[in-house]
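Throughout, protein chains are lettered first and strands after them, A, B, ... in sequence-line order, and every chain is numbered starting at 1. Nothing here was measured: the structure is a model prediction, and the numbers come from that model.
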Amino acid sequence: MSATLLTPESPEVAEPEEAKPDRLRPILATVWRWTSALGVALIIFSILLLTKGANPFQALGDMFKLTFTSSRSVQEIFIQMAPLVLGALAVAVPARAGLTNVGGEGQIIIGAVAACGAFLFLGDSAPGGLIIVAMFAASMIAGALWAGIAALMRLWAGVNEAISTLLLNFVALDILLFLIYQPWRESRTGQPTTRELVDTAKLPVISGTQVHIGIIIAVVVTVIVWAVMRYTRWGFKIAVAGGNAEAARRSGLNVSMLVLSALMIGGALAGLAGMIHFAGVEYKLRPGFGYQLGYTSFLACWLARHQPFPILVAAFVFASLSVAGDSLQLDSSLPAATINVLTALILMAVLGWTAKRKVSV
Amino acid sequence: MEQHVGPRRPLLAVLGLTKHFAAVKANTEVSLEVWPGEVHALVGENGAGKSTLLKMIYGVYHPDAGQMIVEGTEAVIDSPAEARRLGIGMVFQDLRLVPALTVAENIALAIPTGVTLKLRALSQQIREASDKHGLSVDPNAKVGHLSIGERQRVEILKVLMTGAKLVILDEPTSVLAPQEVEALFSVVEHLRSQDFGILIVTHKLDEVRTIANTATVLRGGRTILENVKPSDYTNDELIEAMVGKSVSDLTRRASTVVTTDRAMALTMTGINAKGDQGNLALKGISLTIAPGELVGIAGVAGSGQRELCEVALGLRPPVTGEVTIVGKKIGNPRDALSAGAASIPEDPVADSIVGRLTVLHHMVLNGRRLPAGKVGIDWQTVKSTTDTNNDRLGLHIAATSRNVSELSGGNIQRVILTRELSLDAELVVAAYPSRGLDIANVRRTQEILLECRDKGAGVLMVSEDLDELMSIADRILVMHDGHISGEIINADFDRQRIGQLMIGGAA
């Protein structure tokens, strides 16, 4: 008997699904992957809550209730969401060109610094409309130039932009600190902050709410970015350069210019995020300005797999988690950092589990 | 134990295997047998279903229906690991070795030896196995320093050392120079004499005749001829089995374009250029190609053909020397494209293909102006131009909405050929234009290249197939070690002499 060549017994194993011409199936599979990933994250989080002596059902239930049923916190979600959307788009556009922009943090700071500079330069007496327009322009130009430094380092010296954008974040922070401790400091004795924006230079709120118009800007910009990526020549060219730079070069595209422009547009979007956070929420520069906005945006962009419209959803999720964290802290004995654990669990579950598996040969 | 006394039986019998992907019937009731001591050729055009069949045998795909019987026992091969356990080994077309490691280290990756590598013992085993199978593999050589033919032998050795009795070679000769093909075939012959079974995929009929005892012909996912002796069939019969209709021979014809008053399609003067490793890959190359002339470049792989094409297209700046296309000086790829160059790259998958884009998207990546629509690119026009060109050239590219990452090598080649050869080019630089194509499309591609030439383009064509070059080139330049070692005008084509020049001998 040829027992040396044992084979599995049952030929009735389920057939692979790939042969089915079913359109619903991939959608269902995606939904299933996301649901199971989120479910596992919640289960691990619940175990953590149990070890802390909290009832997970109660804690999660309260968190959900407090976050989504109070008008105040729903408004807060939209306020926090706006810069995250723009910051995530600032990652998505360069990603399309095959670039990793980890410099959102610094570009956001530089955008806000430029906006503040425009305000201080024009002074309180200038018309409010002019100040706001100047602030928008300054923030986007500054963000673009800041990201442009990393692009030029890549083109001239071959420095990987993931490293240079990351390192430039620390430089940006130092510039911010220098300005608010020295030339732009409002009072020699008080806190190291700049003068507060005049009311006319603050972003208006949507009537009947506390929500500033940043969220509208963010949604409009998302649509624009989507359309530019999808319909314009430039959008097509950066997709080619990002997909295969050698193919782009061989078909006569100017890959250097595409790299430069994609990263600079990313910087401009991050600068805009800084401006919105500055003129919509903070009104003055302070040492912790925009802390971690850039990194959170980076994660939101990955969660959305660099696609514009999913970025809106991912930013909403992150903003909700942040608001939920505040309520968790207020309403139970748990430390605020607990919510970071949940955020991290969700990220790892979603990124790790929903990735398409490659067939290895 | 019974195996030794029992009756001989096939190493592998495939019975009625069927695999359909949605609407694509990749394999329908395919059957074949491979016996010990037999070389079995699996023959068929691109898209005939050879890859799907191999993937089912190697456990990558699971058949919808049918049986596989390994040495008399029905087997469910659900993974490559299971295939290897059953004694089925696969040598892929794209060799999967790590160039920075030695032969022994590469083989250690495939053979579990416990926690430590035990390289010395393994090296000894490699030497023994290599001698036994006539492979002459040096275990301590770094893979990056080996030729493609030598790497292929390392892969074969690796497969043998993991216990394979049936060795599958997926289009092994497509990457080899003529001399290396002979070396490979003597290895295959040796393995057959030792009772291994060999399943070899090819579309070259002379190879089937040279090496195979039996052949199975696939067409449209079905077995047209099953386990037949090639010697029982004429070439025309085999081609008809593969293609479904007989392919007419290419009729040689001389160029008729009058060129005296026109600028040369390509001139290269005193070109020295470096290769990727910083070595001098082109040494003092000077050549001209007239409009309406097809110049073939012959040579053993790696003699500088790739660098020559890249310098001609402005992709690789030469250290010294000058390139012009129709009289315009070339400094970068855009110069070459705007002067009217078209090119078929040596490695389209690496150099021309953007994985997440569709066939249609690829049709505009030819260096010409993107057709402008109201917003962005006018894809409607691109689509209709593509359809027109596809009908005219007749290479039958895949649907324009398909994502190129789903396409096989031959299909990708046809997309690139259709795009580039439908341009009204002044210069066509075609590196291995018929790579990955089946007989009918090879012939069609050669005709299209001649049509380009007859419309006044200069054509530089690199090929490792001397017969192909001799059948269509007006002139052949032979490259050896970065030099042009000889030039032969078409009346004097002579295999012997070209072969001598290819290996650096005096003409």
Chemist: Find the one option among B/Val354, B/Leu315, B/Leu337 whose heavy-atom pairs under 4.5 Å with chain A are most numerous.
Modeler: B/Leu315

Chemist: Applying side-chain contact (heavy atoms from CB on, under 4.5 Å), can you list everything that pairs with B/Asp170, at least two apart in sequence or on another chain?
Modeler: B/Leu54, B/Gln93, B/Val201

Chemist: Using a 3.5 Å distance criterion without hydrogens, assess whether the side chain of B/Asp351 forms a donor-acceptor pair with backbone atoms of A/Ala247.
Modeler: no

Chemist: Is it the side chain or the backbone of B/His361 that comes within 4.5 Å of chain A heavy atoms, both, or neither?
Modeler: both

Chemist: Partners of B/Asn332 by side chain to side chain donor-acceptor pair (under 3.5 Å), sequence neighbours excluded?
Modeler: none

Chemist: Checking an interface table here. Which of residues 146-166 of chain A come within a heavy-atom distance under 4.5 Å of chain B?
Modeler: none

Chemist: Any side-chain heavy atom of B/Pro345 sitting closer than 4.5 Å to one from A/Arg250?
Modeler: yes

Chemist: State the OG-CD distance between A/Ser251 and B/Glu420, to the nearest 0.5 angstrom.
Modeler: 9.0 Å

Chemist: Can you tell me if B/Arg334 uses its side chain to pair, donor with acceptor, with the backbone of A/Leu253 under 3.5 Å?
Modeler: no

Chemist: Tell me whether the count of non-hydrogen atoms from other residues, nucleotides or ligands lying under 6.0 Å of CH2 in A/Trp226 goes above 12.
Modeler: yes

Chemist: Under 4.5 Å, heavy atom to heavy atom, which residues of residues 227-241 of chain A contact chain B?
Modeler: A/Tyr231, A/Thr232, A/Arg233, A/Phe236, A/Lys237, A/Ala239, A/Val240

Chemist: With a 4.5 angstrom heavy-atom cut-off, could you sort out which part of B/Leu357 is near chain A: side chain, backbone, both or neither?
Modeler: side chain

Chemist: Main chain of B/Gly355, side chain of A/Asn244: is a donor-acceptor contact present, judged purely on distance under 3.5 Å?
Modeler: no

Chemist: Of the backbone (N, CA, C, O) and the side chain (C-beta and beyond), which part of B/Ala350 lies under 4.5 Å from a heavy atom of chain A, both, or neither?
Modeler: backbone

Chemist: Between B/Glu310 and chain A, with a heavy-atom cut-off of 4.5 Å, which part of the residue counts as in contact: side chain, backbone, both or neither?
Modeler: side chain

